[in-house]
Protein chains: 2
Amino acid sequence: MTPAATAAGTRELPHPTRAEIRLEGVLHALSDPVRLSIVRDLAADSEALFACSHFDLPVTKSTTTHHFRVLRESGVVRQTYRGTAKMNGLRRDDLDALFPGLLDALLAAAARQAAAVRSG
Amino acid sequence: MTPAATAAGTRELPHPTRAEIRLEGVLHALSDPVRLSIVRDLAADSEALFACSHFDLPVTKSTTTHHFRVLRESGVVRQTYRGTAKMNGLRRDDLDALFPGLLDALLAAAARQAAAVRSG
DNA sequence: CTCGTAGTACGTCGAATGTCAAACTACGGC
DNA sequence: GCCGTAGTTTGACATTCGACGTACTACGAG
């Protein structure tokens, strides 16, 4: 069934093209603490791909799916299937090309705030 | 009536302290197109204070009030009364201290996106 | 084929968001 | 004191959001 989807053993997921990524959408995606923490984890090892299940999130599976979809549809992450796992990677190249310095500034800001919270 | 509020001819408005400003709140505030455009206008003349009525926004007065409140409560702008007008200024000093480089990266990103949209 | 694991889809729920209109308050000028 | 301008408040409304549970599909291992 659904032969096209199973063609190469990987279902395809819709991603916005680089030109379709909107700043407002990126900011909205990152304005949620759960999603911001996902992106921070992803950025810590920038080339790595992590499965959804690798993140230890304080929400259920279905909510996790929802958050990853928001991140994908806003253009922040790229998702690909690998067997039964869905691998997630930051779209750093696209984001850096569209908004130079923004991702680094955001990550630095998040790190700073996390440090402030820990010590305060 | 309300003598405290009228004391110096200026009602006081609640602002978060620098330490209370949350990155998520700032990102959420800027993820709305109307508010992002306000901040861009404000940043164009960084030291200037503009009255709410100086912005030409595609929404009604009450919605404008709402958006300015979101910006104020998230710590993005500082609002002070001057007679019957409410003056708005970017809290650039606080934002730069908390999240160095973030505001500039955001403004640059917004400018880039606006330019891309204009040129097709 | 069967089972377990990874993730999706769907429906629901409560809270927040963006918008408006209408009635109201505050200040400055006449 | 009165009026007009600037902005607020309130209440309504539709939409979206974040969260959940349950039922489902997809893949790999055995």
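- Pairs engaging residues 38-61 of chain A under the salt bridge (charged side-chain N to carboxylate O under 4.0 Å, His left out) rule: none recorded [sequence neighbours left out].
- At a cut-off of 3.5 angstrom, the base of D/dA19 holds no donor-acceptor pair with the side chain of A/S62.
- Every residue was checked against the ring-ring contact (aromatic ring centres under 6.0 Å, His included) condition with B/F99, not counting sequence neighbours, and none meets it.
- Atoms CZ (B/F50) and P (D/dG7) sit 13 Å apart, rounded to a whole Å.
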Pairs under 3.5 Å (N/O, protein and nucleotides 1-7 of chain C):
residue, atom, partner, partner atom, Å
C/dA6, O4', A/T84, OG1, 2.9
C/dG7, OP1, A/C52, N, 3.1
C/dG7, OP1, A/K86, N, 3.3
C/dG7, OP2, A/S53, N, 3.0
C/dG7, OP2, A/S53, OG, 3.2
C/dG7, N7, A/K61, NZ, 2.7
C/dG7, O6, A/K61, NZ, 3.1

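- The side chain of A/H66 places no N or O atom within less than 4.0 Å of a non-bridging phosphate oxygen (OP1 or OP2) of D/dC20.
- Counting only residues at least two apart or in different chains, salt bridge (charged side-chain N to carboxylate O under 4.0 Å, His left out) contacts with residues 63-76 of chain A are absent.
- Between A/T63 and D/dG18, a side-chain N or O to OP1/OP2 separation shorter than 4.0 Å is absent.
- We find that B/R78 and B/D93 are not joined by a salt bridge, their nearest charged nitrogen and carboxylate oxygen being 4.0 Å or further apart.
- For A/T60, the side-chain contact (heavy atoms from CB on, under 4.5 Å) criterion is met by A/S62, A/T63, not counting sequence neighbours.
- As rounded to whole Å, 14 Å separates atom P of D/dA6 from atom CG of B/D56.
- Cluster partners of A/V117, using a side-chain heavy-atom cutoff of under 4.5 Å among ILVMFWY residues and allowing indirect links: none.
- In this structure, the nucleotide among D/dG21, D/dG18, C/dT19 sitting nearest to the side chain of A/H67 is D/dG18.
- Atom-to-atom, CD of B/E73 to C1' of C/dA16 comes out at 13 Å; the value is rounded to the nearest Å.
- Between B/E12 atom CD and C/dA26 atom P there is a gap of 15 Å when expressed in whole angstrom units.
- Less than 4.0 Å separates DNA chain C from at least one heavy atom of each of the following residues of residues 23-32 of chain B: B/H28, B/D32.
- With sequence neighbours excluded, the residues satisfying side chain to side chain donor-acceptor pair (under 3.5 Å) with B/R35 are B/H67.
- Note: CG (A/L13) to C1' (D/dT25) measures 14 Å, nearest angstrom.
- OP1 or OP2 of C/dC27 has not a single side-chain nitrogen or oxygen of B/R82 nearer than 4.0 Å.
- The closest donor-acceptor contact from the side chain of A/N88 to the backbone of A/Q79 lies at 3.5 Å or more, if one exists at all.
- Among residue pairs with one or both ends in residues 108-120 of chain A, those qualifying as side chain to side chain donor-acceptor pair (under 3.5 Å) are A/Q113-B/E24; sequence neighbours excluded.
- At the heavy-atom level, B/R69 lies nowhere under 4.0 Å from the strands shown.
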